[in-house]
Amino acid sequence: MINRSRSQQPALLKLCAALVLLLLVFPQLTDARVQPTHGFDLFSPQEEVQAGQQASAEANKQLPMLSESDPITLYIKRLGANLAAHAPGEKWPYNFHVVKQKEINAFAMPGGPVYINLGTIQAADNEAEVAAVMAHEISHVVQRHSTRAATKQMEAQIPLSIVGSFLGKGIGGQLAQLGISFGVGSYFLKNSRQAEKEADLLGTDIMYDTGYNPRWMAEFFRKLEEQGGARTAQFLSDHPNPGNRYQYVTREAATLPAKRYLPDTSAEFAQIKQRAMGMK
Ligand code: ZN
């Protein structure tokens, strides 16, 4: 018995050495795909969707929305659905909307609603940059960042037993009683730096899996930072730079196996951008 296990040791060592060598030569075999994290969340998926739909209905009344049948909105809906089909984890009921504002911004509500400003489309130089922003927002939904932030706040404010009884009765009025809202300008739509980094990295993978070159995620964020000023202020306030954004997105992209990407842009994007530029 002892002899046999000893005689197996060199073979095992050789196998380990070969594996290490293989990973050094082909680092993509370690494919560091970002896995969705499962932080503690008091909201059930149904409650999450309900809270998001409620906030979305309010936002649609409060914000200057571009028509749901505008060619720009239809384009964003198709692009968003394609990206969302490649998002990992729970299949949330994603839906996409365009806000007729010239400031560069985008935000996601719990359980699926994603909003992108006309200004973001105006600022994008190609389709892949718009896809980058949307993949980032979809990642906030995947990671349930809003309701997890709200969960933390609820835990800090009130005993868990009471929170449980609140949520058990349905989400609507109860959230208002707790002072929690996911509506426009809500504290819970402003992301922490930790949440931002998660959304950047997961968004990089979603872009890659959809077929876009993920380097455009890094490029678009760099452009925003460099541009600065009033047009980018809201976006960078809702999505603060965790630091070294360009570097870590580039590094994440480098862990993914080389492949042939979709073209960075399309004739359709050119038309959509032209239409967007013509709007105030
Ligand atoms: Zn963000």
Side-chain angles (χ1 to χ4, degrees), residues 34 36-37 39 41 48 52 55-56 59 63 76 79-80 83-84 86-89 92 94-99 101 103-117 119-121 123-124 128-153 182-208 210 212 214-228 231-250 252-253:
V34 179
T37 48
D41 200 316
E48 174 127 6
S56 177
L63 296 172
I76 289 297
L79 189 61
L83 290 158
H86 294 89
W92 298 101
Y94 291 96
N95 49 88
F96 303 91
H97 313 276
V98 180
V99 185
Q101 285 177 335
E103 289 77 23
I104 298 167
N105 203 15
F107 55 92
M109 286 169 168
V114 172
Y115 290 75
I116 184 164
N117 277 14
T120 309
I121 300 162
E129 288 188 345
V130 179
V133 173
M134 295 179 73
H136 175 99
E137 297 305 330
I138 287 168
S139 301
H140 281 309
V141 175
V142 172
Q143 301 282 42
R144 308 181 74 182
H145 282 146
S146 305
T147 52
R148 278 164 57 189
T151 294
K152 268 192 195 148
Q153 174 102 348
F182 299 103
V184 179
S186 153
Y187 167 78
F188 298 108
L189 296 187
K190 292 190 185 304
N191 294 286
S192 67
R193 286 183 162 77
Q194 169 66 29
E196 278 307 290
K197 189 165 182 178
E198 286 179 16
D200 289 341
L201 295 176
L202 188 59
T204 299
D205 290 356
I206 293 174
M207 275 193 86
Y208 173 86
T210 309
Y212 291 104
R215 82 180 182 90
W216 292 106
M217 169 84 75
E219 295 294 343
F220 190 72
F221 281 128
R222 180 158 75 174
K223 191 163 73 177
L224 287 195
E225 301 271 347
E226 280 172 4
Q227 192 175 324
R231 276 193 78 202
T232 62
Q234 192 60 49
F235 187 91
L236 295 173
S237 156
D238 289 356
H239 306 277
N241 186 346
N244 301 319
R245 193 167 224 165
Y246 186 84
Q247 285 83 352
Y248 67 68
V249 169
T250 306
E252 172 67 16

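Read the numbers this way: they start at 1 and go in the same order the structure lists the ligands and their atoms. All of these numbers come straight from a predicted model, not from anything done at the bench.
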Backbone N or O of Gln143 within a donor-acceptor pair of the Arg148 side chain at under 3.5 Å? yes
Shortest non-hydrogen pair, Leu83 vs Ala135, comes out as CD1-N, 4.2 Å
Of all N, O or S atoms in His140, the one closest to the Zn ion (ligand 1) is NE2
Note: ND1(His239)-the Zn ion (ligand 1)-OE1(Glu196) angle, rounded to 10 degrees, equals 100°
Within 2.8 Å of the Zn ion (ligand 1), is there any N, O or S atom belonging to His136?
yes
CD1 of Ile104 to CD1 of Ile116, rounded to nearest 0.5 Å, is 10.5 Å
The side chain to side chain contact (heavy atoms under 4.5 Å, CB included) partners of Arg245 (sequence neighbours excluded) come to His136, Glu196, Asp200, Phe221, Glu225, His239, Asn241, Pro242, Tyr248
